[in-house]
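Before any comments, here is the structure.
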Amino acid sequence: MRTSQFPLATLREVPSDAAITSHQLMLRAGLIRRLASGLYTWLPLGLKVLRKVEAIVREEMNAAGGLELLMPTVQPAELWQETERWEKYGPELLRFKDRHENTFCYGPTHEEVITDLVRNEISSYKSLPVNYYQIQTKFRDEIRPRFGVMRAREFLMKDAYSFHTSEECLAKTYDKMHATYCNIFTRLGLNFRPVQADTGSIGGNASHEFHVLADAGEDAIAFSTEGDFAANVELAAGTELTTTKTASGESLSKVATPNAKSIPDVSSFLNIAAEHCLKTLLVTGTEHDAVALVLRGDHELNTIKAEKHPLIAAPLTLVSDTVIQSVVGCEAGSIGPIGLDIPVIADLATNNMVDFTCGANETGQHHQNANWHTDATPTETADLRNVVEGDPSPDGKGTIKIARGIEVGHIFQLGTNYSEKMNATVNDESGRPATLTMGCYGIGVSRVVAAAIEQHHDDNGILWPTSMAPFEVVIVPINLQKSHRLQEAVEKLYTELKGLKIDVLLDDRKARPGVMFSDMELIGIPHRVVLSDRGLDAEQVEYKGRTDSDTTDIPLKGIVSHIQQQLG
RNA sequence: CGGGGCGUAGCGCAGCUUGGUAGCGCACUUGACUGGGGGUCAAGUGGUCGCAGGUUCAAAUCCUGCCGUCCCGACCA
């Protein structure tokens, strides 16, 4: 391709509404343009990248036995009513009516459509398992679209759905998809981690998210410094913490803590580290007006873990000040576990604490030198907190580190959630209907592009992994218009590279070298060959890899094989 | 949904306080010079100043309403 026929749309200035690097670079490099909030046009250069990602995903899915199909973006409300998601999904689901007043939605995902297809098309266990996938536009009416295509409302997704008659069979496909995803992200040249994840609203058994590690990531990932353990912080198991301290034997004492309403207040007022304080939160219970949750002062409550506890009502709700007054008889800042007659669930990390400080259940009063069992005994202990860096890893290997990640893939074992509601069955060996067991597997194709840039860029622009670069090589001639000899050499090289199926761009603009260099670095082409009259005098060309600090002179005769070598 | 910011040429911005001919840089067009890291000179193109209403002799500027867009928040004991 030639720049004269493939116009670049690079911008020198950064559009003011782009907050993160990948969004800025995607606009500046001319990959995308915004149409409206959360809606983006992919320009030719950007589309080339998107198609390369798609191609890798497609190849690997096909290699793993996936069958590609294409479902409509618009879906009838009736299907969503069957699974009750029409009510549950909320305003993220874009709903509308056609001219006949029939109700539809724009699909944010396709479980209903694929299950409907399979229940109609597949009637025997002999046809299973199957794994259908599509690469298709989705729409989710996000509360707050942001960061360009990273969290857009309309986006490109690969979604796959597998059907089975047994959990074992599902687990097999699930493992295969896990391995396939690892292949895909490895081929894409990304630094990623598969992590254990919450199954969330979709439900089901096992679930893994695939995260590209990058500081701009919206999720926090906890992983072991030594073992393979990796989990979303939402899910990472907290453990008991060991301590070398033993109780001093001093007895419980009460101190006045006027106006100290928070752990930072109390710890600075009494000059005690937050980790030696307890914080006590009252939340609505399933059987009680209030349930006390006790955490170490410097720890945060993990909502997802708490909601799973049978005594705690979901969604998690902190009780009102009125309830605190009637149950405890003090203000919110002075609650403690001592003498409470409601269930007290203590986080595991508080187990080994000694001589701690906690609210005295009287406004403006705290206890010091409190100890479990002598002063208070929790109804039970449970894992309630977010893990923090330095915690022991739950697999016993090393400690926890926390990094930011961008979720680019998510796989679930759905089980029979959808098939039961939609009555999707096949005849089993005995001729009786068996409810289908399902898995689903998604990759955010457009988000992968943004994530790759977030992970691979420098001050001059994008550093594409070769597998998704819009072009593999660019030829930059200096003063092309002025030399016939140069034109001939450039055309010869261009033709030769094209003949070798190398994706090559020839910058034949009548632009100054600085402009061409800057543009090519901005759009991130991994390999650059500069040809000039001066170089031809010495039968040499100049090569520079996008991440190389210096250029290398290469004999003209050897440049093709040098590039082939670089491309591996 | 709550709070805040911004809307003036394709992009980045000034002008608004104190009402009076719509401006700058980049980009774009033409020409000349230039030619290895975003050139120089000259001449140009391009605007319903987000929309609607109001105040006024006169509104980008003041007032009211609406719309769009971006950012922050939705864990405090």
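Numbers restart at 1 for each chain; the letters A, B, ... are given by sequence-line order, proteins then strands.
When each of A:Gly514 and A:Val283 is assigned the nucleotide of RNA chain B with its nearest heavy atom, A:Gly514 is the one assigned upstream, toward the 5' end. Each of A:Arg534 and A:Ala36 has a nearest nucleotide on RNA chain B; the 5'-most of these lies closest to A:Arg534.
A salt bridge links A:Glu491 to A:Arg2: one of the charged nitrogens lies within less than 4.0 Å of a carboxylate oxygen. Under 4.0 Å is where a charged nitrogen must lie from a carboxylate oxygen, and between A:Glu362 and A:Lys254 at least one such pair does. Checked for salt-bridge contact, A:Asp537 and A:Arg485 meet the test: a charged N lies under 4.0 Å from a carboxylate O. A salt bridge links A:Asp519 with A:Arg509: at least one charged nitrogen is closer than 4.0 Å to a carboxylate oxygen.
Phosphate proximity of B:A27 to A:Arg12: present, with a side-chain N or O under 4.0 Å from OP1 or OP2. The side chain of A:Ser37 contributes an N or O atom lying less than 4.0 Å from OP1 or OP2 of B:C70. One finds no side-chain N or O of A:Arg146 lying less than 4.0 angstrom from the OP1 or OP2 phosphate oxygen of B:C71. Remark: A:Ser16 is in phosphate contact with B:C13, judged by side-chain N or O atoms under 4.0 Å from OP1 or OP2. When the side-chain nitrogen and oxygen atoms of A:Arg144 are compared with OP1 and OP2 of B:C72, one or more of them lie within a distance under 4.0 Å. The shortest distance between the side-chain N/O atoms of A:Arg512 and the OP1/OP2 oxygens of B:G35 is not below 4.0 Å.
With C1' as the reference atom, B:G54 and B:U61 are 15 Å apart, rounded to whole Å. Comparing the C1' positions of B:C49 and B:G19 gives a spacing of 15 Å, expressed to the nearest Å. Between B:U56 and B:C16, the distance separating the two P atoms is 24 Å to the nearest Å. Using P as the reference atom, B:G23 and B:U45 are 12 Å apart when rounded to the nearest Å. The separation of B:C41 from B:U21, taken at their C1' atoms, amounts to 28 Å, rounded to a whole angstrom. Across B:C72 and B:A9, the matching C1' atoms stand 31 Å from one another, rounded to whole Å. Spacing of P atoms, B:G47 relative to B:G4, comes out at 36 Å, to the nearest Å. Separating the P atom of B:C71 from that of B:C13 is a span of 14 Å, rounded to the nearest Å.
The side chain of A:Phe147 lies closest to B:C71 when the candidates are B:G38, B:C71, B:G35. Here the nucleotide nearest the side chain of A:Leu301, chosen from B:G36, B:C75, B:G37, is B:C75. Listed candidates were B:C11, B:U69, B:G36. Nearest to the side chain of A:Pro15 is B:C11. Looking at the side chain of A:Arg528, the nearest of the listed nucleotides B:G37, B:C70, B:G35 is B:G37. For A:Lys510, the listed nucleotide lying nearest its side chain is B:U34; candidates were B:U34, B:C70, B:G36. Side-chain proximity of A:Ile143 to the nucleotides B:G38, B:C1, B:G36 is greatest for B:C1. Nearest nucleotide to the A:Lys482 side chain, out of B:G37, B:U69, B:G35: B:G35. Picking from B:G36, B:U69, B:G38 the nucleotide with the shortest atom distance to the side chain of A:Ser532 gives B:G36.
Rounded to an integer number of Å, the gap from CG of A:Asp17 to P of B:C13 is 9 Å. Distance, A:Glu521 CD to B:G37 P: 12 Å, rounded to whole Å. Distance, A:Ile478 CD1 to B:G35 C1': 9 Å, rounded to whole Å. In this entry the distance linking CZ of A:Arg28 with P of B:A27 reads 13 Å, nearest Å. As rounded to whole Å, 18 Å separates atom P of B:C11 from atom CG of A:Asp519.
Across all strands shown, B:C57 forms a Watson-Crick or G-U wobble pair, both distances under 3.5 Å, with B:G20. Summarising the base pairing, B:G31 is matched to B:C41 through a Watson-Crick or G-U wobble pair whose two defining distances lie under 3.5 Å. The partner of B:G73, taking Watson-Crick or G-U wobble pairs whose two distances both stay under 3.5 Å, is B:C1.
Ring-plane geometry between A:Trp372 and A:Phe356 is classed as tilted, the angle between the planes lying from 30 to 60 degrees on a 0 to 90 degree scale.
The cationic group of A:Arg33 does not satisfy the cation-pi geometry with A:Trp42, failing either the under 6.0 Å distance to the six-membered ring centre or the 45° limit from the ring axis. For the pair A:Arg528 and A:Phe517, the cation-pi test (distance below 6.0 Å, angle within 45°) is passed.
Between the side chain of A:Asn479 and the base of B:G36, no donor-acceptor pair under 3.5 Å is found.
Among the protein residues, A:Ser518 comes within range of the nucleic acid bases, having at least one heavy atom under 4.0 Å from a base atom.
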